[in-house]
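Notes to accompany the following structure.
Just so it is clear, the model here is predicted, and its values are computed rather than measured. Quick note on labels: first sequence line is chain A, next is B, and so on, each numbered from 1.
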Number of protein chains: 2
Amino acid sequence: MTTPTSDRAPLDRNAIVAGGIAFADERGTDALSMRKLAAGLGYEVMSLYNHVASKAEVLTLMVDAVAGEIPDTDSAAEPLVAVRTLAVDTRAALVRHPWAASLWLRQLPGPARVRHMENHLAALAATDLSPRVAHLAFHAVNNHVIGYTLQEQAMAYVTLSDGDAGALARSFMEGLSEEDSPHTITHVRQHLDGDTASSFELVLDLILDGLTRLDRAL
Amino acid sequence: MTTPTSDRAPLDRNAIVAGGIAFADERGTDALSMRKLAAGLGYEVMSLYNHVASKAEVLTLMVDAVAGEIPDTDSAAEPLVAVRTLAVDTRAALVRHPWAASLWLRQLPGPARVRHMENHLAALAATDLSPRVAHLAFHAVNNHVIGYTLQEQAMAYVTLSDGDAGALARSFMEGLSEEDSPHTITHVRQHLDGDTASSFELVLDLILDGLTRLDRAL
DNA sequence: ACCTGAACACCGTTCAAGT
DNA sequence: ACCTGAACACCGTTCAAGT
């Protein structure tokens, strides 16, 4: 029979990263501290430093783990469809982990994100877009995925109703005057009415079409 | 005659925000602390709290001040040209203050940013785009401006040569294998060769054209 | 090899005391 | 009205000591 000396899981890089992701999913990266992370895993803070160099490294590993959740492109698929699918899947991962989008571009890519880039760039190279336009396409698509997700999260924040954030959001809304900011009020109302649901894919297709057209024009 | 009791400027909201911007322009928002900010202005930390509720408020005010630097749209201009000009000017402000892009979408808009939104939305409303497409346009253009700038800054980070960041960047580059990541290597090389200089406006026009086309299709 | 107590140099923020 | 000393409850990180 085994003797369970403690109920805590063994500590290693993976456990730390998984703990960080679980914490951030629930309470955000702003609230994440090495001390709370360690406590959540059943260890003292200093133990973390046996496996990880710094908090910055933990964050980098966390973002890379999110990248690792994104399925590889299907090499049998039509290349532009593969790009489109990758964009949709990337967005899904960023929605699952709402803290990840704002970190995505601030961290150096780890292995999983390099693999993600490689997937994206290889699919673009397999289209008949010129190398120059394929390069633009990479960024245009990425910026849309990240920008759209960030914007959506900001909007979700405005619609919060309870807590400090809710109070801030309410005071923002009440500060808008119909006289000075009619268009802004209308715009926010369009969000609240939720009539812009599937615009992520609409704009994505707009960009993909535009790139094809640009390629023919250059 | 006056008796100069000290060489420090009087403390108020504006001085705090200006000090924060100057500090962040030089050393980034990560390094910004209330204590260093106060010291830079010649006061003790606690004095700041006579004028400002929290560090979060300082950051919100800083972003809003950046928005305030962006010129209003010219109501005499052709509406779609006004949108384009606003996008270019917004990007210029974000380039002048490299810390601002990643904060832009994380803060609730202050008065200057509401004015900026109003400018943008009013110009779009004056085009002959349908309300639905104008709504999409607002986000598509904003996401491009912010995403492009963030991406460019991440790239600038990779090309740093000295300090800790430089060492990290070098180890990232050396970690890329020609075998596993040929496309990624090519992509990074395209950046380093700088042959993608004016692609910001190229993609911006692609989006604006795409929106006009989408409007006709819907 | 991995865990940890103690310590260091920082944080943001509050409050009571000064002028 | 505005400035500030002292204090509180936190941070990330290092290092030497334990097993």
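- The pair B:Arg35-B:Glu44 fails the salt-bridge criterion, with no side-chain N (NZ, NE, NH1 or NH2) lying under 4.0 Å from an Asp/Glu carboxylate O.
- The CD atom of B:Glu44 sits 13 Å away from the P atom of C:dC11 (whole-angstrom rounding).
- Dashed line: the shortest gap from a side-chain N or O of A:His51 to OP1 or OP2 of C:dC3 is under 4.0 Å.
- For B:Ser47 and D:dC2, the shortest distance from a side-chain N or O to OP1 or OP2 is not below 4.0 Å.
- Among the nucleotides D:dG12, C:dG12, C:dT4, the one closest to the side chain of B:Met34 is C:dG12.
- In DNA chain C, stems built from 3 or more consecutive Watson-Crick or G-U wobble pairs, each with both distances under 3.5 Å, span C:4-8 with D:12-16, C:12-16 with D:4-8.
- Under the 4.5 Å side-chain criterion, counting only non-hydrogen atoms from C-beta, B:Glu118 is in contact with A:Pro182.
- A:Leu59 has its CG atom 14 Å from the C1' atom of D:dC11, to the nearest Å.
- For residues 10-31 of chain A, the set of pairs meeting the side chain to side chain donor-acceptor pair (under 3.5 Å) definition, not counting sequence neighbours, comprises A:Arg13-A:Glu57, A:Asp25-A:His97, A:Asp25-A:Trp99.
- When the side-chain nitrogen and oxygen atoms of B:Lys36 are compared with OP1 and OP2 of C:dC11, one or more of them lie within a distance under 4.0 Å.
- Not counting sequence neighbours, the partners of A:Leu86 by the side chain to side chain contact (heavy atoms under 4.5 Å, CB included) test are A:Ile70, A:Thr73, A:Thr90, A:His116, A:Asn119, A:His120.
- Closest to the side chain of A:Tyr49, from the set C:dC11, C:dT13, D:dG12, is D:dG12.
- No donor-acceptor pair under 3.5 Å is formed between the side chain of B:Gln190 and the backbone N or O of A:His135.
- Heavy atoms of A:Met46 sit under 4.0 angstrom from at least one base atom.
- The interatomic distance linking B:Asp30 (CG) with C:dC10 (P) rounds to 17 Å, in whole Å.
- The aromatic rings of A:His187 and B:His139 sit tilted, their planes meeting at an angle between 30° and 60°.
- In this structure, the CG atom of A:Asn50 is 13 Å from the P atom of C:dG5, given to the nearest Å.
- The interatomic distance linking A:Leu48 (CG) with D:dT13 (P) rounds to 10 Å, in whole Å.
- In this structure, B:Arg91 fails the cation-pi test against B:Tyr148, since its NZ or CZ atom is not both closer than 6.0 Å to the six-membered ring centre and inside 45 degrees of the ring normal.
- Each of C:dT4, D:dT13, C:dG12 was ranked by its minimum atom distance to the side chain of A:Arg35; first place goes to D:dT13.
- A straight line from CZ of B:Arg13 to P of D:dC2 spans 12 Å, rounded to a whole angstrom.
- Between the NZ atom of A:Lys55 and the C1' atom of D:dC11 there is a distance of 8 Å, rounded to whole Å.
- The CG-P distance, from B:Leu41 to D:dC3, rounds to 11 Å in whole Å.
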